[in-house]
Amino acid sequence: MNIQQLREQFPQLSRTVYGKPLVYLDNAATSLRPQPVIDKWTEISSERTANLHRAVHHIAAEATEEYENTRLKVAGFINAPDPSEIVFTSGATHSLNLLAFSLGEAFVRQGDEIIVSEAEHHSNLVPWQMLCARKGAVLKRLTVDDSGRLQEELLPSLITPRTRIVAVAHISNVLGLVNPIEEIAAVCRKNGVLLVVDGAQGIVHQQVDVQALGCDFYAFSGHKMYASPGTGVLWGRKELLEQMPPMFGGGEMIETVSWESSTYAPLPRKFEAGTQNISGTPTLSPAIDLMRQMPPQEDVKEYVYRTLTEEPGVRLFGTTFDLSLKAPVFSFAVEGAHHEDLALILDKMGIALRSGQMCAEPLMDRLGVTGLLRASFAPYNTLSEAEFFVTSLRKAISMLK
Amino acid sequence: MTLQEKKEQIIEEFSMFDEWLDKYEYLIELGKALAPYPEEKKTDDRLIKGCQSRVWLDAQMSGGTLVFSADSDAVITRGIISLLVGVYSGRTPQEILSDDFSFLETIGLKENLSPTRANGLLSMIETIRKKASENV
Ligand SMILES: Cc1ncc(COP(=O)(O)O)c(C=O)c1O
């Protein structure tokens with residue numbers, strides 16, 4: 001599939017804003033939806049709506065089959081050893097909160113320690129803060145250097161016999177850097193510490209193999225990987241998921257219920273209380289099919305990286321010598337120009353990008369900025385869009401100077 | 001100049017621009033020209049919530065009127081502040097409270113600014129009104 005064929009799959013790419021063609025560079029916030037995903041949602045809504053697992057009628061069986069086939073597909077996509085390890089959620093935030101609760105109940109006691117990286121999205125920080133407050137546990141910080149690189153070499157010295165969990169992003173939503181999960185996993189395994197990976201960005205830009213990564217849990221959202229919003233996944237190692245109590249009760253998560261107490265359904269239903277996202281979750285299937293065919297976009301990434309690192313007055317964070325370890329997510333500051341002013345002007349030129357703290361306030365504090373501008377690219381973004389972005393950025397900077 | 005006259009003057013100025021670019025350039029100019037705001041007044045209690053940039057607003061009663069001074073670290077926001085301060089500073093609290101702030105829509109600011117920016121603008125207006133009602 002070439003890029004033109006890919007673009008044709010995304011209806012929103014043909015719309016205009018302020019009479020100009022939309023240049024959508026806010027993909028790290030949410031990706032656009034391709035036609036097969038829209039079609040899947042419509043098809044289920046118009047032909048296959050029924051509640052899952054619960055009824056004997058024909059449509060319920062079809063709907064259940066569709067949903068469970070999606071589970072198989074996701075398991076294959078991330079190379080999970082067993083499809084029952086795939087828990088469907090409403091998104092990465094849901095997955096991480098579920099983990100912080102259930103893992104916390106199972107394994108965390110007063111005085112235990114949780115290590116979280118300083119570069120995390122709030123969704124992979126706040127749930128751990130809440131767990132620490134609930135259990136009287138201690139939150140410890142794995143730092144980044146001045147450019148934003150995770151100082152994973154400091155991890156062994158942070159781990160003590162009380163450390164239970166390390167939580168880190170596969171790829172930071174601000175820096176775009178790929179963290180060395182295999183190495184971090186090796187350190188964790190050696191010390192008997194559980195490793196939680198926030199894969200919200202990782203799943204989009206890496207070929208994820210959870211067994212090769214060696215982590216214990218991997219969480220992500222559907223809406224950043226072209227599927228429907230309100231969908232998400234938590235993968236976890238079976239023997240751990242089995243030891244964890246559910247966070248929500250009700251629906252099909254039970255085995256038996258008496259007045260006094262309940263026993264829980266086997267995995268993964270134990271963690272899927274209530275009516276599932278019956279129209280949304282199956283859209284992960286066509287999204288995965290499309291992702292497998294997407295053309296690489298090395299030229300766009302190299303062009304933007306090179307231009308922003310060389311541009312006078314622009315300070316790019318998340319630099320690296322090895323571009324294979326960088327996703328096309330570029331956060332930067334411009335000397336003498338506020339990120340909000342730049343974003344407002346670029347918006348008027350038809351360019352959608354993100355400005356502000358990007359749900360990572362501790363990282364902003366560490367980098368010494370009040371906010372940044374972020375351009376994040378998807379495989380459907382062309383080199384000419386990237387060039388237009390650079391020219392427009394230069395124009396906006398000169399307006400503000 | 002009365003409040004009404006000041007608003008009409010601004011509406012007249014903005015009516016000359018039909019391009020967003022010109023409007024922004026004018027706001028940027030206004031922002032750059034805004035009177036300096038004392039560093040010691042950049043305190044948390046003067047910070048306005050709901051803006052992506054930081055905005056400080058100081059209000060003092062003087063001879064029966066409210067005197068505003070304000071600042072922001074973003075220049076387009078400073079331009080908008082400059083408009084607001086120009087119109088509402090030196091007015092009595094009653095005058096401010098009886099105004100509907102609709103001149104901002106007339107000059108196309110609300111429609112022209114992004115939703116987060118519009119929220120910031122609304123927060124600024126709310127703060128000015130709050131200061132007025134505290135001082136009636
Ligand atoms: C790295 C990272 N983690 C977590 C999240 C939260 O994802 P969601 O809002 O889909 O739950 C995001 C999305 O912004 C993210 O980029």
task: Mind running side chain to side chain contact (heavy atoms under 4.5 Å, CB included) on A:Met399 and B:Leu21 for me, showing each step along the way?
output: CA-CA 9 Å; A:Met399 268 177 81; B:Leu21 201 74; 3.7 Å; yes

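- We find the NZ-NZ distance between B:Lys23 and A:Lys348 to be 7.5 Å, quoted to the nearest 0.5 Å.
- Heavy atoms of A:Leu342 lying under 4.5 Å from chain B are absent altogether.
- For A:Glu335, the CD atom counts as loosely surrounded, since its 6.0 Å shell holds 12 or fewer non-hydrogen atoms of other residues, nucleotides or ligands.
- What you find for A:Asp341 and B:Thr77 is that their closest heavy atoms are OD1-N, 4.1 Å.
- Atom-to-atom distance recorded for B:Asp73:CG and A:Thr370:OG1 is 5.5 Å, nearest 0.5 angstrom.
- Shown here is A:Lys20, whose NZ atom has more than 12 heavy atoms of other residues, nucleotides or ligands within 6.0 Å.
- Considering every non-hydrogen atom in both B:Tyr24 and A:Ile345, the closest pair reads CD2-CG1, 3.8 Å.
- Counted within 6.0 Å of NZ on A:Lys395, heavy atoms from surrounding residues, nucleotides or ligands total 12 or fewer; the atom is thus considered open.
- From A:Leu400, atom CG reaches atom NZ of B:Lys32 across 7.0 Å, with rounding to the nearest 0.5 Å.
- Heavy-atom neighbours of B:Glu12 CD from other residues, nucleotides or ligands within 6.0 Å: at or below the threshold of 12.
- Heavy atoms from other residues, nucleotides or ligands lying under 6.0 Å from CZ of A:Arg141 number 12 at most.
- Put simply, the side chain of A:His338 does not reach to within 4.5 Å of the side chain of B:Val75, judged on heavy atoms.
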